[in-house]
Amino acid sequence: MRKCLILGVAMVVMLSGTSWALDDTPENRARQADRYLAATPPREMIRDATEQISRSIPQEQRQQFKDLMTKHLDIGALEASMKRAMTQHFSADELKALANFYGSSVGRSAMKKFGVYMADVMPVIRNELIRAQAKADLELNTPETPRKPEE
């Protein structure tokens with residue numbers, strides 16, 4: 001009896017370290033992409049982003065802006081494009097991990113904060129990219145300083 005218990009515990013320890021990897025097939029990628037899209041519905045993502053963007057618009061124009069953004073959005077095309085890109089760039093295991101995380105309570109909580117986070121960092125990212133581009137342009141358009149001949 002004791003040997004069975006020890007053997008059982010040893011097997012559980014050994015198996016818990018085993019990764020239950022999915023076969024990286026197009027079908028598994030598609031199935032895991034669907035799980036991810038169910039955990040992070042694009043419609044909600046767009047609604048949250050639109051809400052964040054609308055905060056930069058005068059109060060009296062916000063609702064009209066939000067209505068027009070959702071009215072003209074083809075959510076089906078967006079979802080299809082997202083799924084196509086995910087299954088092209090991520091493995092089945094990567095998509096599974098994303099779906100597991102964003103489907104968890106911690107992942108859902110993090111996702112709800114993502115729009116506010118992006119609203120905070122996007123102006124900085126935009127400004128830094130503009131500065132980097134200006135410096136690159138200056139560097140590319142500045143003729144090299146001629147070197148003095150060695151004496």
Original post:
Do side-chain atoms of Thr40 reach the backbone of Tyr36 as a donor and acceptor pair under 3.5 angstrom?
Top reply: yes

Subject >> Any donor-acceptor N/O pair, Ser109 side chain to Val106 backbone, under 3.5 Å >> reply: no

**OP:** Please indicate whether Glu139 has more than 12 foreign heavy atoms, meaning atoms of other residues, nucleotides or ligands, lying under 6.0 Å from its CD.
**Re:** no

Original post:
Of all heavy-atom pairs between Pro42 and Leu37, which one has the smallest distance, and what is that distance?
Top reply: CG-CD2, 3.8 Å

Original post:
Between atom CG of Leu95 and atom CE of Met86, what is the distance when rounded to the nearest 0.5 Å?
Top reply: 6.5 Å

Original post:
Roughly how far apart are Thr70 OG1 and Ile46 CD1, rounded to 0.5 Å?
Top reply: 10.5 Å

Subject >> Under 3.5 Å donor-acceptor, Asp23 side chain and Thr25 backbone >> reply: no

Subject >> Step-by-step side chain to side chain contact (heavy atoms under 4.5 Å, CB included) determination, Asn127 to Arg131 >> reply: CA-CA 6 Å; Asn127 289 339; Arg131 276 183 353 118; 5.8 Å; no

**OP:** State plainly whether one hydrophobic cluster holds both Met118 and Ile53, where clusters connect Ile, Leu, Val, Met, Phe, Trp and Tyr through side-chain heavy atoms under 4.5 angstrom apart.
**Re:** no

**OP:** For residues Thr87 and Ala33, report the shortest heavy-atom separation together with the two atoms involved.
**Re:** CG2-CB, 3.9 Å

Original post:
Cluster question for you: counting only ILVMFWY and a side-chain heavy-atom cut-off of under 4.5 Å, with indirect links fine, are Phe114 and Ile125 together?
Top reply: yes

Original post:
Measuring from Lys66:NZ to Glu51:CD, what's the distance to the nearest 0.5 Å?
Top reply: 3.5 Å

Original post:
Step by step, would you call Gln52 with Asp48 a side-chain hydrogen bond (donor to acceptor under 3.5 Å, both in side chains)?
Top reply: CA-CA 6 Å; Gln52 291 302 318; Asp48 292 346; over 6 Å; no

Original post:
Does a donor on one side chain and an acceptor on the other come within less than 3.5 Å for Asn28 and Gln32?
Top reply: no

Original post:
Distance-only, no hydrogens or angles: does the Arg62 side chain make a donor-acceptor pair with backbone N or O of Arg55 under 3.5 Å?
Top reply: yes

Original post:
Say you draw a straight line from CZ of Arg31 to CD of Glu27; how long is it, rounded to the nearest 0.5 Å?
Top reply: 7.5 Å

Original post:
Would you call Met111 and Glu44 a side-chain contact if the rule is heavy atoms closer than 4.5 Å?
Top reply: no

**OP:** Given side chain to side chain contact (heavy atoms under 4.5 Å, CB included), test Phe65 with Thr50 step by step and report yes or no.
**Re:** CA-CA 8 Å; Phe65 168 79; Thr50 302; 3.8 Å; yes

Original post:
Is a side-chain donor or acceptor of Ser81 paired with a backbone partner of Leu78 at a separation under 3.5 angstrom?
Top reply: no

**OP:** Can you measure from CG (Leu129) to CE (Met122) and round to the nearest 0.5 angstrom?
**Re:** 8.0 Å

Original post:
Which one of Asp34, Asp93, Asp24 satisfies the side-chain hydrogen bond (donor to acceptor under 3.5 Å, both in side chains) criterion with Arg29?
Top reply: Asp24

**OP:** Flag yes if Phe90 and Met82 sit in one hydrophobic cluster, no otherwise; membership is Ile, Leu, Val, Met, Phe, Trp, Tyr, and two members link when side-chain heavy atoms are under 4.5 Å apart.
**Re:** yes

Original post:
Within a strict 4.5 Å, meaning less than it, do heavy atoms of the Met69 and Arg47 side chains meet?
Top reply: no

Subject >> Connected via hydrophobic side-chain network under 4.5 Å: Leu68 and Leu73 >> reply: no

Original post:
Between Ala99 and Ala39, what is the shortest heavy-atom contact and its length?
Top reply: O-CB, 4.2 Å

**OP:** Kindly compute the distance separating OG (Ser54) from CD (Gln59), expressed to the nearest 0.5 Å.
**Re:** 8.5 Å

